[in-house]
Every structure is written in structure tokens, then in C-alpha cells.
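Chain naming here is simple, since letters A, B, ... match the order of the sequence lines and numbering starts at 1 in each.
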There are 2 protein chains.
Amino acid sequence: MSDTQLKSALDTLKTTGVRITPQRHAILEYLIETMSHPTADDIYKALEHKFPNMSVATVYNNLRVFRESGLVRELTYGDNASRFDFVTTKHYHIICESCGKIVDFHYPGLDEVEHLAAHVTGFKVNSHRLEVYGTCPDCEEKATKLQ
Amino acid sequence: MSDTQLKSALDTLKTTGVRITPQRHAILEYLIETMSHPTADDIYKALEHKFPNMSVATVYNNLRVFRESGLVRELTYGDNASRFDFVTTKHYHIICESCGKIVDFHYPGLDEVEHLAAHVTGFKVNSHRLEVYGTCPDCEEKATKLQ
DNA sequence: TTATTTATTTATAATCGTTATAAATAGTTT
DNA sequence: AAACTATTTATAACGATTATAAATAAATAA
């Protein structure tokens, strides 16, 4: 299944005239197979045994290429490093404020909010961002144990 | 009305034992009276005629104090500068992807999303963030004129 | 095939928002 | 007034990201 995802992603790149280099292949592969939401540096470190000479800039450059092709979503967090997410189905994120863990959850699209916002402000709406913040079960348990 | 907002904000600070310095007063005043969502640097520049010797660090320090007191909300945008918003009523933001303008809009709290997320992931939920992205009327008009 | 053009990678320096640090100043308490 | 504490200022440092230029690889033309 993740194999077909990779193939389809490579196809998308090919049809838009983006060359598939070994580095790009590896970054995509890693993004698909990992269940985490890695930073650029995570990816860089995960692949350094395979590409000892790869530059961080290459990771950033290619993540931008993937983002522009719609294959990857960038999750930005203020001063902290962005996290990157291979786009599969539409989902939202819940983030642990204690350890930073990001977990996916599904929710029917909030079309209503978009419509209301468009109506009230006169904007032409493109998209929205929704994130939920809290404490994950692990951190919650640790916190209660300490008391 | 913004006068009572300022007074109540100063009260909040006083009761939590935070000193009210001229700089803090001015920053709060500016945040309340401006209808924009300024960056730390915007605030710094807006007040430099009044406080020629004020340091940028002072602006950042005090915005952090205000945030921790719950008076101010920080809106983070990846690599770009954070924007700061005096907390009045609960509202969401719609952001123009062309010029960066931020406009407020109201929407009944998305409690349902929080509940679902908590249920599905086992997290203890604290808050959420929702933003809508699009093009503001001004930029939309400019875009159509160019064609 | 070889030559030429173009895209990509690498290495490194630069940028920019933000924070840390330490000295100077102002305010509070004794 | 003296001692203590909070705050401001000035400046250096940090860390994520981007810009730059040279080196390399791939694609196309001759």
C-alpha cells in the first residue's frame, strides 16, 4: 500500500517534469513509511547513513518541491522547526503540548466555517488550518504519577 | 470602551504582581487601539518616537509577560514573525495569502471537534487553533483587473 | 558518441526573528 | 538611606531556513 503511494507520488513528479533523483526518492520513501511528522533535520539525520554527503539544503529544497507539487504538507510552528506530512487523506492534527507528539484524527471538513468566513469578510476562501492542543495519554500519566 | 479595556488589563497585571512600567503601558495601549495584528517589530517602530531608547528585547519580554497573563495571544506563522492580538472576545482569523492582511470573524466554538479529537486520540484537550486562508477583496480586485 | 544546455546537489555563508546575558536603571521594601 | 528585586537596555548568540556559487549529474542537440 505504501508502495503504491510512492509510485503515485513519483508519477506526479514525473508528469510535472521534476527529476527523480536518489535523494528525492529516499526523502519521499521516508516520509511515506514513517508514522511520525518529521522535521527537515529528522529527515536529514535519518538518511545520512544512506547519503553521507547529502546537504541539509537538499532536504529543504526538495521538501519545497514536494510541497509545491501538493505531495507534502508543511506544518509550521512559530519559532520551532516545521514538520512535514505526506498528504494522503484529509485529516487534522492534535498536538501534545508536553512532548510535542502529533497524532492524526479525522473530522468531516469544516465547510461551514469556510462559508461563514467568506460571507462575513468578503474573502475568497481557499483553505483552512485546524489544530487541537492538549496532553497525550503518556504525558498525562507521567503527570499524575508525580503527584 | 478601549479605555476600560486598558484599565482592566492594567488591573489584571497589578493583581498578578507585574509592575506597570511606561513601556508596558504604551505597548498595551498600542495593542488595544490598533486594529491591526502587529508584529513585535511593528510595535517597536510604532513606539520609537515615544521611547527612543527602548530595546526590541523589551517588546518581546513584555509581550511574553502579557501572553502569560492571558492578555495577549500570539499568532505564529512558521518562519515569519509572530503577530500579537489583544484578547477580547473569542474569534478566529482569516488571512489573505496575497497581502498578509488578517481579519477577525466570529464562529461558535468548535467544542464538537475538541470532544471528538479527545475521544479518538485519548488526549486531554486544552485548546484549538483554527485559521481560514484566502484572498481579501482588495487583492481579489487587483487580480481580476490585471487580466 | 560527444558537446551543450539545464537541473540538481553540495558546501558554505548569510538572514532574520527571537532569546540569553550582563550591566545599568528604576522601583520596592526594610 | 540601604538593600533587595524587577525591569530595561545593549549586545551577542542561536537556530531554522534560504541564498549563493561551484561541482556534479542528467537530458537534449549536434
Counting N and O atoms only, with roles assigned by atom type, does the side chain of [X] sit under 3.5 Å from a partner on the main chain of [Y], one being a donor and the other an acceptor?
X        : Y        : result
A:Thr34  : A:Leu31  : no
B:Ser55  : B:Ala57  : yes
A:Thr121 : A:Ala117 : yes

**Item:** Span of DNA chain C, from the first to the last nucleotide whose atoms fall under 4.0 Å of chain B heavy atoms
**Value:**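 Terminal contacting nucleotides, 5' to 3': C:dG17 to C:dT28.
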**Request:** Verify the neighbour count for atom NE2 of B:His119: are there more than 12 heavy atoms of other residues, nucleotides or ligands below 6.0 Å?
**Result:**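 No, NE2 of B:His119 has 12 or fewer neighbouring heavy atoms, counting only those of other groups under 6.0 Å.
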Would [X] and [Y] count as having a side-chain donor-acceptor pair, cut-off 3.5 Å?
X       : Y        : value
A:Ser8  : A:Asp11  : no
B:Asn62 : B:Gln23  : no
B:Thr76 : B:Arg129 : yes

**Prompt:** Is there a side-chain contact between A:Lys124 and B:Cys139, using heavy atoms and a 4.5 Å cut-off?
**Reply:**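 With C-beta onward as the side chain, the pair stays apart.
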**Sole residue of A:Leu71, A:Leu6, A:Thr88 in side chain to side chain contact (heavy atoms under 4.5 Å, CB included) with A:Ile32** =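 Going through the options one by one, the only one that passes is A:Leu6.
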Write down the distance between [atom1] ([X]) and [atom2] ([N]), rounded to a whole number of angstrom.
X       : N      : atom1 : atom2 : answer
B:Leu63 : D:dT7  : CG    : P     : 15 Å
A:Tyr77 : D:dG15 : OH    : C1'   : 18 Å
A:Arg64 : D:dT18 : CZ    : P     : 6 Å

**Fill in**
Its dot-bracket string being built from Watson-Crick and G-U pairs below 3.5 Å, with | for another strand and [ ] for crossing, DNA chain D has the pattern ||||||||||||||||||||||||||||||
**Request:** Just call it for A:Ala81: base, sugar-phosphate, or nothing, with non-hydrogen atoms closer than 4.0 Å on any strand.
**Result:**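 Sugar-phosphate, backbone atoms only, no base.
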**Upstream residue (5' side of DNA chain C) when B:Ser82 and B:Asn61 are each assigned their closest nucleotide** =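 Result: B:Ser82.
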**Asked** Ion pair present between A:Asp138 and A:Lys142, side-chain N to carboxylate O less than 4.0 angstrom?
**Response**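 A:Lys142 and A:Asp138: not salt-bridged.
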**Request:** Could you identify which residues of residues 14-49 of chain A place a heavy atom less than 4.0 Å from some atom of DNA chain C, listed by residue number, or say none?
**Result:**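 By residue number: A:Arg19, A:Thr21, A:Gln23, A:Arg24.
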**Prompt:** Should A:Tyr60 be listed as having a side-chain N or O under 4.0 Å from OP1 or OP2 of D:dT17?
**Reply:**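 So the side-chain polar atoms of A:Tyr60 do come within 4.0 Å of the phosphate oxygens OP1 or OP2 of D:dT17, strictly under.
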**Asked** Going by the angle between their ring planes, with limits at 30° and 60°, are B:Tyr92 and B:Phe105 parallel, tilted or perpendicular?
**Response**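 It falls in the tilted class, 30° to 60°.
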